[in-house]
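Positions are given from 1, in the same order as the sequence printed here.
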Amino acid sequence: MRDIEVRLRGHGGPDAELRADRVAAIAAALDDLVLRLTREAASAAGLGRPGFAIERLGEVRLISIAAGGPRLTFTVGDADALDIDPLGQMTDALFWGIVEGMAVNERPTFVTNTIAEATMRFVAALQRSAPHVDVTFGARSPIHLATGAINRRVWEPDDSGAHRRTLTGLLEAVDLRNAHFRIVDAEDNRVELVDVREAEEASQLVGQVVVAEGTFIPARGASKPRMEEVAVRAAVPISMSPEMSPDGVGSRQGDSTSAEPDVESWGGLFSHVTR
């Protein structure tokens, strides 16, 4: 269990009070951000934990509102988990990187679009609540945020390098409840599939060769390459596909351009299609 304290100063109300809607907005934004960071930490480390375990480790609960700003204290994590958990430690480091980035208007390299969107909501909730915020996490020294100076544009989704792509490979389930899958080639190169449409139908294809179409986002920092807003369908076996070229990297018939892979080596199962 880890505690995050958010001290709000100058909000114009009683020292130990804050409007309920603003407390709710901060709590909801923080909960979403920590959960996304927990998922990112698990993905970066290649930890095969089930979705419910990751969700419990990323839980955020408000435990007190005290005088002194007021001070909102949240606890993070699974009450039944070990006090020292590698995934929790990785998540903590990512969260503190976000707070440090907010203070100096710099976006850490590990931040994906989904984390950026969650950070924007957290920033917006703080800006609506108080002009000055001090964030303390565990034994770390507090970081002061002048909320009016936080530039939300820093946290806008980054579409650089993102493009539509079609990949073919074996489908793995990561977190069915959150529509998170993975596509894998014969050399064990992997691309995360996030926000898969019709996830229940896609789950029936786990362990089979599939075609995934969506917005491909190359790896950044510790994050892995991923596709977002993905449509998944069954595919014919790769060995039978007329689209495969002799070197094992496929392209659609009639497409004269060769697509450059966004990871070092895709291997024989992936079929790359440009826009």
Side-chain angles (χ1 to χ4, degrees), residues 1-6 27-61 63 73-104 106-123 135-143 145 154-155 157-158 172-182 184 188-195 217-228 263-264:
M1 305 288 289
R2 301 100 73 200
D3 288 348
I4 298 174
E5 181 186 274
V6 179
L30 181 60
D31 180 62
D32 184 42
L33 176 58
V34 171
L35 179 56
R36 290 173 187 262
L37 290 172
T38 304
R39 291 173 181 164
E40 180 65 22
S43 175
L47 300 177
R49 301 197 188 185
F52 72 87
I54 292 175
E55 287 186 12
R56 292 192 65 181
L57 194 61
E59 283 182 354
V60 174
R61 295 174 296 281
I63 57 174
T73 302
F74 301 88
T75 188
V76 181
D78 181 358
D80 298 325
L82 297 175
D83 289 337
I84 299 177
D85 186 292
L87 181 55
Q89 292 177 327
M90 291 177 63
T91 302
D92 295 351
L94 295 180
F95 174 74
W96 204 240
I98 291 287
V99 177
E100 290 175 331
M102 291 166 57
V104 296
E106 292 183 4
R107 176 169 167 161
T109 57
F110 66 80
V111 172
T112 64
N113 283 346
T114 55
I115 292 174
E117 291 169 357
T119 303
M120 283 185 67
R121 287 190 287 272
F122 186 48
V123 169
V135 181
T136 306
F137 193 14
R140 297 171 174 84
S141 299
I143 289 181
L145 302 173
V154 171
W155 305 100
D158 180 10
E172 291 184 347
V174 177
D175 185 353
L176 295 179
R177 287 187 295 179
N178 292 289
H180 183 184
F181 295 79
R182 182 183 297 121
V184 188
D188 205 34
N189 296 307
R190 302 170 179 227
V191 173
E192 304 299 308
L193 307 180
V194 182
D195 296 329
I217 301 172
R220 291 183 57 187
S223 67
K224 295 181 180 180
R226 66 176 62 203
M227 293 180 85
E228 297 182 352
V263 293
E264 293 182 2

Notebook entry, point to check: Going by an N to O cut-off under 4.0 Å, is there a salt bridge joining Glu192 and Arg39?
Noted result: no

Notebook entry, point to check: Checking side-chain contact (heavy atoms from CB on, under 4.5 Å) for the pair Met102/Val123: CA distance, chi angles, key distance, verdict?
Noted result: CA-CA 8 Å; Met102 291 166 57; Val123 169; 3.8 Å; yes

Next item on the list: Classify the angle between the aromatic ring planes of Phe137 and Phe95 as parallel (below 30°), tilted (30 to 60°) or perpendicular (above 60°).
Entry: perpendicular

Checklist line | Exercise: identify the closest heavy-atom pair between Arg226 and Thr112 | finding: NH2-CG2, 3.7 Å

Margin query: Does any part of the side chain of Val191, heavy atoms only, come nearer than 4.5 Å to the side chain of Met227, both counted from C-beta?
Written below: yes

Next item on the list: Just jot down the side chain to side chain donor-acceptor pair (under 3.5 Å) partners of Thr136, sequence neighbours excluded, or say none.
Entry: none

Next item on the list: Identify the heavy atoms of Gly88 and Arg2 that sit nearest to each other, and give their distance.
Entry: O-NH2, 3.5 Å

Check: If you measure from CD1 on Ile115 to CG on Asp32, what distance do you get to the nearest 0.5 Å?
Finding: 10.5 Å

Margin query: Pair Val6, Phe74 - check side-chain contact (heavy atoms from CB on, under 4.5 Å), show working.
Written below: CA-CA 8 Å; Val6 179; Phe74 301 88; 4.1 Å; yes

Margin query: Any donor-acceptor pair under 3.5 Å linking the side-chain atoms of Asp3 with those of Thr73?
Written below: no

Check: Got a sec, which residues hit salt bridge (Lys or Arg N to Asp or Glu O under 4.0 Å) with Glu228, two or more places apart in sequence or on another chain?
Finding: none

Notebook entry, point to check: If you measure from CD on Glu40 to OG1 on Thr91, what distance do you get to the nearest 0.5 Å?
Noted result: 10.0 Å

Checklist line | Asp31 versus Gly58, closest heavy-atom pair with distance | finding: OD1-O, 4.1 Å

Notebook entry, point to check: Are the side chain of Arg121 and the backbone N or O of Leu30 linked by a donor-acceptor pair below 3.5 Å?
Noted result: no

Checklist line | Chi angles and distances behind the side-chain contact (heavy atoms from CB on, under 4.5 Å) call for Trp96, Arg140 | finding: CA-CA 9 Å; Trp96 204 240; Arg140 297 171 174 84; 3.4 Å; yes

Margin query: So which atom in Leu94 and which in Leu37 form the shortest heavy-atom distance, rounded to 0.1 Å?
Written below: CD1-O, 3.7 Å

Check: Mind checking what makes side chain to side chain donor-acceptor pair (under 3.5 Å) contact with Glu117, not counting sequence neighbours?
Finding: none

Notebook entry, point to check: Once you round to the nearest 0.5 Å, how far does CZ of Arg61 lie from OG1 of Thr75?
Noted result: 5.5 Å

Next item on the list: Evaluate the criterion side-chain contact (heavy atoms from CB on, under 4.5 Å) for residue pair Val76 and Ile4; output intermediate values, then yes/no.
Entry: CA-CA 7 Å; Val76 181; Ile4 298 174; 3.6 Å; yes

Check: Say you draw a straight line from CD1 of Ile98 to CZ of Arg36; how long is it, rounded to the nearest 0.5 Å?
Finding: 12.0 Å

Check: Are Ile143 and Glu100 side-chain neighbours, meaning at least one heavy-atom pair lies under 4.5 Å?
Finding: yes

Check: What are the two closest non-hydrogen atoms of Pro108 and Gly97, and how far apart are they?
Finding: CG-O, 3.5 Å

Notebook entry, point to check: Which heavy atom of Arg190 sits nearest a heavy atom of Pro225, and at what distance?
Noted result: O-CG, 3.6 Å

